[in-house]
Asker: 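Mind looking over this structure? Questions follow.
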Amino acid sequence: MTVQVLDPATLPADDNVNPYTFCVELKGSQWFLQKGKMIAYYGQIEFNGIGHGALDRLVRTSFHSPLHAGDWVVAQGSGKMLLADRAFDVNSFDLDEGNLTIRAGNLLAYQPSLALKQSIVPGFLTLIGTGKFVAASSGPVVFMEPPLRVDPQALVGWADCPSPCHHYDHGYARGVIGGLRALTGIGGSSGEEHQFEFVGAGTVLLQSSEALMPEQATGAVPHEPGVPGGGPGHASGGHGPLGSGMPRMPGQLGDLQRRFGL
Amino acid sequence: MFRLQGSKVLAVEMTGDSVRAKNGSMVAYDGEMAFKKLSGGGEGLRGMVTRRLTGEQMTLMEVKGRGTCWFADRASEINLVTLQGDKLHVEASNLLATDAGLRTGTTFTGLRGASQGNGLFTTTVEGHGQAALLSDGPAVVLRVSPQYPLSVDPGAYVAHQGNLRQTLQSGVTFRTFLGEGGGEAFQMRFEGDGLVYVQPSERNTVAGDV
């Protein structure tokens with residue numbers, strides 16, 4: 001076995017180096033990436049937190065997930081940069097005037113031509129627009145067409161918006177024996193009584209393992225009536241001016257108090 | 001003779017010669033083998049004291065005999081490196097096995113190690129022969145040449161070889177202290193001529209959250 005030695009000329013541009021490493025080519029352009037996923041780079045590349053003043057314009061158009069902004073950085077400059085995440089499989093996907101919703105922990109990086117937004121479904125993020133993004137998964141990703149039911153742990157995301165809902169298999173719990181089973185676990189449950197169901201047009205992305213990627217907080221949602229997960233409202237710190245319902249972006253002037261711990 | 005069986009098991013064929021390997025990494029053998037623990041990395045008393053002091057401890061064993069011996073460690077990926085008189089720098093925890101013909105030692109690396117949380121020292125392997133490195137996920141081998149210097153995240157660094165100058169590059173600005181740093185506050189910068197081995201995963205480092 002000979003080991004392949006790579007240099008900037010032989011590294012692929014915006015493609016996988018191996019199943020676990022992705023190479024991004026920057027030519028004066030910018031990419032959003034999750035903090036700490038860069039493993040090496042050639043050239044001149046600068047990493048700035050989302051709150052960096054010079055990035056305000058970019059953040060305004062491509063980043064709408066304010067409360068987990070602390071976990072994202074913008075890479076800009078020219079050169080080639082390698083991305084990887086805890087030796088998980090990484091893959092790039094192209095969106096063309098499309099939309100895709102993905103589990104927050106799985107998304108590694110994306111081009112600023114895409115806009116990142118929090119999904120209404122808690123724990124998920126939605127990308128809208130045209131461009132490339134990189135996602136990690138435990139095992140290779142499989143694409144499926146709805147209608148189908150999937151195991152919650154295997155779900156990576158879905159594109160073109162089929163409707164995601166919960167599905168419970170109540171059949172096993174019927175009758176006295178079934179009730180006992182459900183209550184005590186004696187007699188065994190298959191562990192597959194609860195699934196996510198997708199119907200409608202679109203694509204569902206699954207990972208080929210049920211090992212979950214560590215959850216990445218997407219940030220709290222504004223406490224407003226009608227917002228799922230918003231809960232019974234109590235506006236607490238970090239949720240912007242009282243009553244405005246808008247979460248606050250880092251780098252806003254008002255944040256000075258938070259920074260200095262006041 | 002080192003040979004990979006799959007990517008996670010190292011098979012070594014021996015004809016009366018010996019190899020050094022991480023203690024307890026033998027998974028199977030056939031033929032006649034003798035395993036001897038080498039205290040303090042097998043560099044004598046001086047080496048042992050140095051390793052103890054520098055935190056680059058390795059518990060090595062010497063395997064000697066005839067037949068085939070298989071090594072593996074926690075299903076980590078194994079990478080083979082052939083050395084022809086040059087020097088390989090590697091973290092002690094990433095070294096699985098070396099030919100008996102290779103010398104190991106400890107060198108001072110400066111501040112870089114401190115940011116990595118592994119101490120200020122690194123293990124060197126030099127001579128002629130083969131070494132097997134462990135990595136979390138298959139390592140990517142990157143060439144550094146004078147016109148292409150390379151920056152590496154300390155958490156993903158595994159090893160490097162050749163004539164390389166290594167400096168710690170800091171991206172720490174006042175923003176880091178406001179909690180809005182770029183997430184890549186420290187990088188190891190390599191300049192010169194050589195190869196750097198990088199793993200597709202990051203160890204937890206002191207600088208990891210900055």
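Proteins come first, then strands; the chains are lettered A, B, ... in the order of their sequence lines, and each starts at number 1.
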Asker: Among A:D7, A:V90, A:V5, single out the residue with the greatest number of heavy-atom pairs under 4.5 Å to chain B.
Answerer: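 Maximum pair count with chain B is reached by A:V5.
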
Asker: Sort out for me which of A:A40, A:A84, A:A9 touches chain B most, counting heavy-atom pairs under 4.5 Å.
Answerer: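 Max contact count across the listed options: A:A40.
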
Asker: Among B:S151, B:G137, B:A139, single out the residue with the greatest number of heavy-atom pairs under 4.5 Å to chain A.
Answerer: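 Heavy-atom pair counts peak at B:S151.
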
Asker: Top residue by heavy-atom pair count (under 4.5 Å) with chain A, among B:L150, B:V152, B:V144?
Answerer: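 Answer, by heavy-atom pair count under 4.5 Å with chain A: B:L150.
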
Asker: CZ of B:R66: more than 12 outside heavy atoms within 6.0 angstrom?
Answerer: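 Result for CZ/B:R66: open.
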
Asker: Please output the residues of residues 17-25 of chain A in contact with chain B, using a heavy-atom cutoff of under 4.5 Å, in numerical order.
Answerer: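 Those residues of residues 17-25 of chain A which have a heavy atom under 4.5 Å from chain B are A:V17, A:N18, A:Y20, A:T21.
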
Asker: Which residue pairs pass the salt bridge (charged side-chain N to carboxylate O under 4.0 Å, His left out) test with at least one member in residues 190-199 of chain B, sequence neighbours excluded?
Answerer: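 Counting only pairs at least two positions apart or across chains, the salt bridge (charged side-chain N to carboxylate O under 4.0 Å, His left out) contacts touching residues 190-199 of chain B are B:R165-B:E191, B:R189-B:E191.
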
Asker: Side-chain contact, heavy-atom cut-off 4.5 Å: A:Y42 with B:Q147?
Answerer: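 When only atoms from C-beta onward are counted, B:Q147 and A:Y42 do not touch, as no gap falls below 4.5 Å.
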
Asker: Once ring pair (Phe, Tyr, Trp, His ring centres under 6.0 Å) is applied, do any residues pair with B:Y29, and if so which ones, sequence neighbours excluded?
Answerer: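 Checked B:Y29 against ring pair (Phe, Tyr, Trp, His ring centres under 6.0 Å); matches are B:F35.
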
Asker: Mark yes when over 12 heavy atoms from residues, nucleotides or ligands other than A:K132 sit less than 6.0 Å from its NZ; otherwise mark no.
Answerer: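 Correct, the count exceeds 12.
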
Asker: Going by the rule ring pair (Phe, Tyr, Trp, His ring centres under 6.0 Å), which residues pair with A:W158 if we only count those two or more places apart in sequence or in a different chain?
Answerer: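 Per chain and number, A:W158 pairs via ring pair (Phe, Tyr, Trp, His ring centres under 6.0 Å) with A:F124, A:F198.
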
Asker: Is it the side chain or the backbone of B:E77 that comes within 4.5 Å of chain A heavy atoms, both, or neither?
Answerer: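 It is neither, since no heavy atom gets under 4.5 Å.
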
Asker: Under a 4.5 Å heavy-atom cut-off, does chain B meet the side chain of A:L82, its backbone, both or neither?
Answerer: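 When you check distances to chain B, only side chain atoms of A:L82 fall under 4.5 Å.
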
Asker: Between B:Y148 and A:K80, is a side chain to side chain contact (heavy atoms under 4.5 Å, CB included) present by the stated rule, with each step listed?
Answerer: CA-CA 11 Å; B:Y148 294 123; A:K80 286 192 171 175; over 6 Å; no

Asker: Decide if atom CD of B:E13 counts as having more than 12 heavy atoms of other residues, nucleotides or ligands within a radius under 6.0 Å.
Answerer: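 Check passes, neighbour count above 12.
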
Asker: Sort out for me which of B:S135, B:P149, B:S145 touches chain A most, counting heavy-atom pairs under 4.5 Å.
Answerer: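 Of B:S135, B:P149, B:S145, B:P149 has the most heavy-atom pairs under 4.5 Å with chain A.
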
Asker: Over all heavy atoms of both residues, which pair between A:I39 and B:E202 is shortest? Give the atoms and the distance, please.
Answerer: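 Smallest interatomic distance, heavy atoms only, reads CG2-OE2, 3.9 Å.
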
Asker: Show, in sequence, the C-alpha distance, side-chain angles and deciding distance for B:V141 and A:L6, and conclude whether the side chain to side chain contact (heavy atoms under 4.5 Å, CB included) test is met.
Answerer: CA-CA 6 Å; B:V141 189; A:L6 295 157; over 6 Å; no

